[in-house]
J.: 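Quick one: structure below, then a few questions.
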Amino acid sequence: MLSKTCATVAFRFSSQRTAFVAASSSFGKFGSGGGLCRFASAAAAPMDNNNNATTTVSPESLLEHFQTTTKSSNNSMIGNNVGDAMYALYKADAVCFDVDSTVIAEEGIDVLADYLGKGEQVAALTKQAMEGGMKFQDALQQRLELLQPSQQSILQLLQEQPLQLTPNIDTLMNALQSKQVDIWLVSGGFRIMIEPVASLLNISKHNIVANTILFDEVGNYNGFDKTEPTSADMGKPKALQQIQTQHNYRCMVMVGDGATDAQAKPPAQAFIGFGGVIERQAVKEKADWFVTDFMDMVHIIEQR
Ligand SMILES: [Mg+2]
């Protein structure tokens with residue numbers, strides 16, 4: 001696979017609009033094992049042909065531009081490394097999204113449990129698993145054994161009640177696709193439920209890493225694939241590592257609402273916490289940038 005490179009881009013501020021001018025050198029080297037990429041620092045402003053000052057894009061310049069042009073409130077500026085996260089997003093060659101309560105405005109397993117009339121029982125098991133520190137794979141197994149979902153019941157659910165997309169996620173996906181940024185859906189949920197969501201957003205089903213429910217020859221529940229990286233604890237960093245190894249990405253960003261999403265950095269260079277569906281304090285504290293509206297991310301992508 002060819003490695004993807006990020007070109008340094010300079011932009012100048014003009015009176016009516018901001019023009020972006022590609023320059024030739026590359027950004028500094030990226031971190032090899034994890035953590036944030038090393039960023040090019042803002043150089044002394046060079047001049048373009050019209051003697052307008054141009055500024056190399058940096059975390060600081062993106063942050064300043066974002067604040068100026070969006071007139072953002074402090075609510076858009078929550079995070080431990082907001083400028084660095086914006087910069088990682090600005091030059092990312094892959095952005096990985098959690099699905100439940102991030103790409104969709106609900107939790108797939110809860111929707112399935114409600115549909116099968118076992119919502120309360122699954123919620124009790126989930127709570128018990130979280131409080132008891134149960135391993136992810138054991139919790140997944142317990143809930144699926146309780147649900148015993150058949151292939152037919154899941155397909156029927158998806159037809160009757162398609163999963164609801166989070167506001168503005170389609171705009172964000174379009175923006176990434178228009179800039180040739182690869183998109184991945186990395187979820188502890190179920191592939192069979194995520195594939196229609198991916199299709200709605202024009203994401204290849206090959207760019208889904210999620211759990212696979214197994215069915216017997218007549219479509220009855222028959223366990224799940226325990227070799228999927230997302231079926232066990234620390235599944236998200238493992239999944240991103242596999243994706244990075246396969247595609248030789250230089251700069252990946254992880255987006256999600258949960259603490260397990262924050263674990264994906266490293267190998268992700270930045271973790272963007274999403275609180276538009278559920279706002280979790282622990283995620284807010286771990287996030288490089290915490291957003292509640294995907295349009296904030298669109299704004300950065302559009303600067304590329
Ligand atoms: Mg989630």
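We're numbering straight along the sequence, starting at 1. First listed ligand is number 1; within each ligand, the first listed atom is number 1.
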J.: From the options Leu144, Ile154, Thr212, Thr230, select the one residue that forms a side chain to side chain contact (heavy atoms under 4.5 Å, CB included) with Phe190.
T.: Leu144
J.: Can you find a side-chain donor-acceptor pair between Glu145 and Gln141 that sits under 3.5 Å?
T.: yes
J.: Counting only heavy atoms from other residues, nucleotides and ligands, does the tally under 6.0 Å from CD of Glu160 exceed 12?
T.: yes
J.: Side chains of Asn168 and Asp293: any donor to acceptor distance under 3.5 Å?
T.: yes
J.: Which of the N/O/S atoms in Asp100 sits closest to the Mg ion (ligand 1)?
T.: O
J.: Only N/O/S atoms count here: what is the atom of Asp98 closest to the Mg ion (ligand 1) called?
T.: OD2
J.: Return the name of the atom in Asp257, of element N, O or S, nearest to the Mg ion (ligand 1).
T.: OD1
